[in-house]
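Given the structure is predicted, the values throughout are model-derived calculations rather than measurements. First the proteins, then the strands, lettered A, B, ... as listed; each starts at 1.
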Amino acid sequence: MPDSRGTSCISITTSVESRRPSERPMHKRSCGELRAVDAGARAELSGWVHRRRDHGGLVFIDVRDHDGITQIVFAPQELQAFAIGESLRSEDVVRVRGAVRRRPAGTENPRLPTGEIELAVDEAELVSRSLTPPFPITGDEDIDESLRLRYRYLDLRRHKMQRNLRIRHRIVKAMRDYFDDHHFLEIETPDLIKSTPEGARDYLVPSRLHPGTFYALPQSPQILKQICMIGGLGRYMQIARCFRDEDPRADRQPEFTQLDVEMSFVDEDEVLEIMEGCMRFVWRRVLEVEPPAFPRLSHAEAMRRFGSDKPDLRFGLELADVLDAFRESEFTLFRRLTEEDGHRIVALRYPGGASLSRREFDALTETAKSFGALGLVHVSFTNDGVRSPIAKFLSAETAQALAHATGAQTGDAVLLVGDASARASDIAGKLRLELGDRLGLRSTADFAFCWIVGFPLFERDPESGAITFAHHPFTSPAPGQERLFDTDPLAMRALHYDMVLNGYELGSGSIRNHRPEVQRKIFQLLGLSQLEIDERFGFFMEALQYGAPPHGGMALGVDRIAMIACGEPNIREVIAFPKNQAFRDMMMDAPSPVPKGQLDELSLRSTTAVQATAAGTT
RNA sequence: GGCGUUGUAGCUCAGUUGGUUAGAGCGCCGCCCUGUCACGGCGGAGGUCGAGGGUUCGAGCCCCUUCAACGUCGCCA
């Protein structure tokens with residue numbers, strides 16, 4: 001008896017899961033499926049009314065489902081069906097049956113995959129009426145985003161969202177397949193964990209059973225995946241939700257998804273290799289393009305050549321150092337910069353920039369100022385010679401040196417930014433991106449990956465002056481750096497790496513500390529007392545003392561990867577139910593007040609009076 | 001939290017130096033139409049010009065306050 005029950009269970013499951021089109025009842029088809037070869041067959045279609053074209057005596061409806069669009073035709077001879085056909089309106093749900101037939105010669109629609117055929121309806125059922133939608137589901141015009149978010153279920157019907165979520169699915173599926181092939185285990189880690197107040201702010205969840213205490217939602221599964229390594233699991237991956245209670249930014253959600261990876265007994269090269277292999281696999285399989293090998297740049301080199309630690313390598317226009325050209329210059333503003341250490345004068349080639357008007361250069365200068373520049377010097381190389389506001393201070397040799405350093409030709413301009421090194425790099429880096437945009441060099445169809453390596457282990461907080469970690473406190477120093485712990489920690493380099501695509505940081509990773517004494521030393525340098533280390537990370541420090549393997553890994557932002565792959569400017573376009581820029585869910589209206597009784601149960605009392613809604617007062 | 005942009009019909013938008021009854025396209029409603037596919041034709045309904053206050057004989061337009069969306073900076077293992 002148990003056997004037969006088990007068998008029947010399995011057979012039900014199997015039959016549902018394997019209902020591929022060919023095995024469904026003969027006439028049930030999707031709206032993207034029918035072709036000329038199906039002419040003559042009977043078919044049943046279900047879907048939404050996409051468009052209607054009512055000719056009085058003949059009604060054409062485009063029916064849409066997840067798979068595509070098929071034209072169906074209602075003729076007056078079919079009395080009952082025709083009455084339904086005439087009554088159909090946008091977004092009504094309809095189920096129809098009839099004969100598939102080739103369209104009359106000359107009326108095929110080459111823009112539809114199903115455009116050679118149509119369904120002649122003889123049986124129709126109005127399954128669901130729709131109110132007139134607040135915005136059109138057809139077409140791809142931009143709709144006010146708050147409307148789209150409020151009626152997300154309608155927005156999701158639109159072609160772009162269907163496409164984007166499909167691409168996202170394929171990306172995540174490819175990631176899982178890749179890591180499965182490489183013998184990784186997908187392991188779920190808990191969402192209710194301990195608050196470890198470093199880095200970002202935690203979301204807290206009050207405990208009913210333990211009044212006055214809180215769980216935290218994970219900012220990332222960092223410690224848990226390291227403990228998986230200590231637990232001997234070898235190779236871990238997870239498509240993980242992460243939660244960070246930071247202030248809203250355009251490209252940020254309070255909860256987001258990471259591809260989280262950790263491996264034991266590996267060095268930096270092995271992690272880079274496996275992660276690069278993953279992205280190349282995903283791009284090959286989902287986008288059918290083969291990205292070139294990822295160049296590796298040191299952090300210092302990226303700042304020097306591109307003015308950014310996440311350089312956009314889709315185009316050149318690299319930063320050129322021209323400090324030396326101004327050592328003897330009469331242009332005192334720049335000559336002074338040469339007289340003390342720590343300054344940069346960066347030259348940027350602006351192809352075709354010599355044709356810009358004075359007014360346009362003024363506007364560009366304003367842009368530079370918005371990046372933090374004190375000013376912007378431009379030098380134009382024209383047929384009539386060199387033109388520049390500082391022309392009278394520019395010797396022929398200096399102009400020549402600028403052209404040589406940047407590769408500027410006649411017709412180009414050179415932009416000059418002089419400042420303290422870090423600021424000059426930053427400003428010039430942003431100007432470079434501005435030029436890339438103006439010249440159309442940042443196509444969403446191009447993909448330029450790279451690695452940034454050789455980060456410092458620590459940096460100085462610009463406000464407090466305190467030493468803080470550059471990545472996170474579990475990052476291992478590079479080999480041989482440990483002797484600097486007590487003498488010059490800011491000079492220590494870390495086994496930390498970033499993956500960058502098209503100017504976006506996709507994520508970062510590191511080799512972790514597996515020796516408890518090194519981990520303790522780092523916590524101490526960050527200013528944690530022994531007591532604080534025990535309270536916050538005691539369980540972790542203890543775990544490290546039971547034979548921790550060397551390990552390392554990485555986390556990549558899935559939302560951002562999907563965004564770039566889809567060519568979208570915003571991660572909200574690749575998330576089914578995103579929150580708006582104020583982190584509100586406009587469909588559900590969250591966050592919202594809760595009934596007082598619910599707070600009482602949690603031993604909570606709000607210090608802010610919120611206008612109670614109907615739901616909040618019950 | 002700072003700064004910027006936007007807010008006019010269901011949607012996307014126009015609206016002149018402040019001037020009489022606020023417009024267009026699409027959508028919606030009605031009638032006509034048997035080969036359309038952004039169908040077509042005729043007719044119609046639909047507006048607290050985001051909200052509040054002010055200046056003015058008169059405000060969609062000018063001023064102040066405020067709300068919202070979006071962008072941007074601060075912030076963000």
N/O (side chain, Arg252(A)) to phosphate O (OP1/OP2, U72(B)) under 4.0 Å:
no
Sidechain N-carboxylate O distance under 4.0 Å for Lys521(A), Glu482(A)
no
Taking the six-membered ring for Trp and the single ring otherwise, decide whether the centroids of Phe540(A) and Phe474(A) are under 6.0 Å apart.
yes
Distances for protein N or O near nucleotides 3-8 of chain B N or O, under 3.5 Å:
none

Quick one: Met586(A) CE to A69(B) C1', roughly how many Å, whole number?
7 Å
Using the P atom as the point on both nucleotides, what is the distance between G46(B) and A22(B), in whole Å?
13 Å
Under the side chain to side chain contact (heavy atoms under 4.5 Å, CB included) rule, what do Glu268(A) and Val453(A) come out as? Steps first, then yes or no, please.
CA-CA 10 Å; Glu268(A) 183 171 294; Val453(A) 298; 4.0 Å; yes
Is the closest side-chain donor-acceptor distance between Gln226(A) and His551(A) under 3.5 Å?
yes
Integer-rounded Å distance: C29(B) C1' and Leu131(A) CG
15 Å
May I ask you to decide whether Arg438(A) forms a salt bridge with Glu434(A), counting only side-chain N to carboxylate O separations under 4.0 Å?
yes
My understanding is that only residues two or more places apart in sequence, or in another chain, count here; which of them pass salt bridge (charged side-chain N to carboxylate O under 4.0 Å, His left out) with Arg129(A)?
Asp92(A)
Spacing between Gln253(A) atom CD and C70(B) atom C1', to the nearest angstrom
14 Å
Please name the pair of heavy atoms, one in Asp202(A) and one in Leu217(A), separated by the smallest distance, quoted to 0.1 Å.
OD1-O, 4.1 Å
Using the C1' atom as the point on both nucleotides, what is the distance between A38(B) and G25(B), in whole Å?
12 Å
Rounded to whole Å, please give me the gap between CZ in Arg201(A) and P in G1(B).
12 Å
Taking any heavy-atom pair under 4.0 Å as a contact, classify Arg150(A): base, sugar-phosphate, or nothing.
nothing
Residues Ile72(A) and Val63(A): closest non-hydrogen pair is CD1-CG2, 3.4 Å
Using atom CD of Glu86(A) as one end and atom P of C33(B) as the other, report the distance to the nearest whole Å.
10 Å
What do you reckon, are the aromatic ring centroids of Phe469(A) and Phe458(A) less than 6.0 Å apart?
no
Assign Glu91(A) to base, sugar-phosphate, or nothing according to its heavy-atom contacts below 4.0 angstrom with the strands shown.
nothing
Using the C1' atom as the point on both nucleotides, what is the distance between G19(B) and C61(B), in whole Å?
12 Å
Should Glu366(A) and Lys369(A) count as an ion pair when the cut-off is N to O under 4.0 Å?
yes
Both distances under 3.5 Å, Watson-Crick or G-U wobble: on that basis, could you give the dot-bracket string for RNA chain B, with [ ] for crossing pairs and | for other-strand partners?
(((((((..((((.....[...)))).(((((.......))))).....(((((..]....))))))))))))....
Closest-nucleotide mapping onto RNA chain B: is Arg89(A) or Leu149(A) further toward the 5' terminus? I mean the 5' end.
Arg89(A)
Which is true for Ser220(A) with a 4.0 Å heavy-atom rule: it touches a base, it touches only sugar-phosphate, or it touches nothing?
base
Per the side chain to side chain donor-acceptor pair (under 3.5 Å) rule, what does the pair list look like for residues 67-79 of chain A, sequence neighbours excluded?
Ser30(A)-Asp67(A), Arg53(A)-Gln71(A), Gln71(A)-Glu118(A)
Output the rounded distance in Å from CG (Leu154(A)) to C1' (G27(B)).
15 Å
Could you check whether Pro248(A) gets within reach of a base, just the sugar-phosphate, or nothing at all, counting any heavy atom under 4.0 Å?
base
Closest non-hydrogen atom pair between Val121(A) and Ala81(A), with its separation
CG1-CB, 4.1 Å
Taking all non-hydrogen atoms of both residues, which atom of Met229(A) and which atom of Ser264(A) are closest, and how far apart?
SD-OG, 3.1 Å
Ignoring hydrogens and angles, state whether a donor on the side chain of Arg241(A) or Thr257(A) is under 3.5 Å from an acceptor on the partner side chain.
yes
Could you list, one pair per line, each protein nitrogen or oxygen that sits under 3.5 Å from a nitrogen or oxygen of nucleotides 9-12 of chain B, together with the distance?
from, atom 1, to, atom 2, distance (Å)
G10(B), O2', Pro134(A), O, 2.8
U12(B), OP1, Asp144(A), N, 2.7

Check every strand shown and say whether Asn570(A) touches a base, only sugar-phosphate, or nothing at a heavy-atom separation below 4.0 Å.
sugar-phosphate
Write down the distance separating the C1' atoms in G15(B) and C67(B), rounded off to the nearest Å.
24 Å
Considering only the P atoms, how many Å lie between C64(B) and G23(B), rounded to the nearest integer?
30 Å
Please report the distance separating the P of U12(B) from the corresponding atom of U17(B), rounded so that it comes out in whole Å.
26 Å
For a salt bridge (charged side-chain N to carboxylate O under 4.0 Å, His left out) check, start with the C-alpha distance between Asp260(A) and Lys225(A), then their side-chain angles and the critical distance, and finish with the verdict.
CA-CA 8 Å; Asp260(A) 201 37; Lys225(A) 71 175 175 179; 2.7 Å; yes
For atom CG of Asp589(A) and atom C1' of A68(B), their distance in whole Å:
14 Å
Taking atom C1' in both G53(B) and C11(B), compute the distance separating them and give it to the nearest angstrom.
31 Å
On a whole-Å scale, what distance lies between the C1' atoms belonging to C13(B) and C73(B)?
31 Å
Using atom CD of Gln222(A) as one end and atom P of C76(B) as the other, report the distance to the nearest whole Å.
18 Å
I'd like a list of close polar pairs between nucleotides 35-42 of chain B and the protein, N/O only, cut-off under 3.5 Å.
from, atom 1, to, atom 2, distance (Å)
G35(B), O6, Arg101(A), NH2, 3.1
G35(B), N1, Glu118(A), OE2, 2.8
G35(B), N2, Glu118(A), OE1, 2.5
G35(B), N2, Glu118(A), OE2, 3.2
U36(B), O4', His55(A), NE2, 3.2
U36(B), O2, Arg53(A), NE, 2.5
U36(B), O2, Arg53(A), NH2, 3.4
U36(B), O2, Gln71(A), OE1, 3.4
U36(B), N3, Gln71(A), OE1, 2.8
U36(B), N3, Gln71(A), NE2, 3.1
U36(B), O4, Gln71(A), NE2, 2.8
U36(B), O4, Arg103(A), NH1, 3.2
C37(B), O4', Arg53(A), NE, 2.9
C37(B), O2', Arg53(A), NH1, 3.4
C37(B), O2, Gln71(A), OE1, 3.4
C37(B), O2, Asn109(A), ND2, 3.1
C37(B), N3, Arg103(A), NH1, 2.6
C37(B), N4, Arg103(A), NH1, 3.4
C37(B), N4, Thr107(A), O, 2.1
A38(B), OP2, Arg111(A), NH1, 3.0
C39(B), OP2, Arg53(A), NH1, 3.2
C39(B), N4, Asp54(A), O, 2.4

With a 4.5 Å heavy-atom cut-off, do Thr475(A) and Phe455(A) have their side chains touching?
no
